[in-house]
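Below you'll find the structure, written out as structure tokens, and then a few comments.
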Amino acid sequence: MDHDQLQFDLRQSASVRLLKSPNAPLMLSFLHRAFKREQRAAIPYALLLERLDATLEALNEHSSGMYPLSATAYLKQWSDEEHQLIRITVRGSDDETTVELTADAERAISWVEDLYRREFVGTESRFK
């Protein structure tokens with residue numbers, strides 16, 4: 001690992017920016033629940049928007065004003081050049097809009113999943 005390359009990568013990586021964001025708990029928990037827990041590669045935009053709106057409403061009920069933007073604004077922000085967490089695409093002849101996670105979002109979610117993963121070490125293996 002080279003110092004200068006690491007310094008550049010840590011500054012430029014969308015995954016690292018996600019982890020350092022003040023909204024990281026919202027982004028990581030919501031995207032994990034919507035994509036990973038349900039094992040989905042793509043989700044219709046309207047469905048994701050509806051779920052995010054319900055999530056924001058519940059979180060703001062608990063802590064008023066914690067997340068002031070609308071669900072539409074958050075999805076737009078998460079797909080912009082700076083964040084690059086989701087990819088919003090229009091597919092097919094019926095113009096269905098779908099949302100997918102980017103590789104950077106996948107990496108950040110995977111890293112956080114690893115933090116919570118517990119390894120089981122049986123008593124017998126400790127003695128060997």
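Side-chain atoms are counted along with the backbone in the values below, which use heavy atoms only and exclude waters and symmetry mates. This chain uses plain numbering: 1 for the first residue, then up along the sequence. Just so we're clear, the structure is a prediction, and the values are computed from it rather than from any experiment.
Test R11, Q7, Q5 against D9 for side-chain hydrogen bond (donor to acceptor under 3.5 Å, both in side chains) and you get one pass: Q5. L18 pairs with exactly one of L31, D104, V112, L28 by the side chain to side chain contact (heavy atoms under 4.5 Å, CB included) rule, that one being L28.
For residues 61-73, the set of pairs meeting the side chain to side chain donor-acceptor pair (under 3.5 Å) definition, not counting sequence neighbours, is empty. Residue pairs satisfying the side chain to side chain donor-acceptor pair (under 3.5 Å) criterion with at least one member in residues 35-51, sequence neighbours excluded, are listed as follows: K36-E106, E38-R51.
A71 approaches L52 most closely through the heavy-atom pair O-CD2, 3.6 Å. Shown here for I43 and A34, the closest heavy-atom pair between the two residues is CD1-O, 3.1 Å. The two atoms that bring L69 and L56 nearest to each other are O-CD1, 3.9 Å, heavy atoms only. The shortest non-hydrogen separation linking T102 to Q84 is OG1-O, 2.6 Å. For the pair L101 and A105, the tightest heavy-atom approach, listed with the atom from each and the gap, is CD2-CB, 4.0 Å. Across all non-hydrogen atoms, the minimal contact from T98 to A42 is CB-CB, 4.4 Å.
A side-chain donor-acceptor contact under 3.5 Å links D80 to the backbone of H83. Between the R17 side chain and the Q12 main chain, a donor and an acceptor come within less than 3.5 Å of each other. In this structure, N60 contributes its side chain and M66 its backbone to a donor-acceptor pair below 3.5 Å. Formation of a donor-acceptor pair under 3.5 Å by the S79 side chain with backbone atoms of K76 is found in this model.
Counting heavy atoms from C-beta outward, V99 and F35 have side chains that approach closer than 4.5 Å. Counting heavy atoms from C-beta on, the side chains of L48 and F30 come closer than 4.5 Å. No side-chain heavy atom of E96 sits less than 4.5 Å from a side-chain heavy atom of V90. When side chains are defined from C-beta on, L49 counts as touching L75, because their heavy atoms get closer than 4.5 Å.
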>> Would L85 and M27 count as a side chain to side chain contact (heavy atoms under 4.5 Å, CB included) here? Give the steps.
In response: CA-CA 9 Å; L85 302 175; M27 292 185 277; 3.4 Å; yes

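Linking Ile, Leu, Val, Met, Phe, Trp and Tyr residues whenever their side-chain heavy atoms come within less than 4.5 Å places L19 and Y116 in a single cluster. Clustering ILVMFWY residues whenever any of their side-chain heavy atoms sit less than 4.5 angstrom apart, transitively, puts L10 in a cluster other than the one holding W111.
The number of heavy atoms from other shown groups lying within 6.0 Å of CD (E113) is above 12.
Expressed to the nearest 0.5 Å, how far CG of D53 lies from OG1 of T55 amounts to 8.5 Å.
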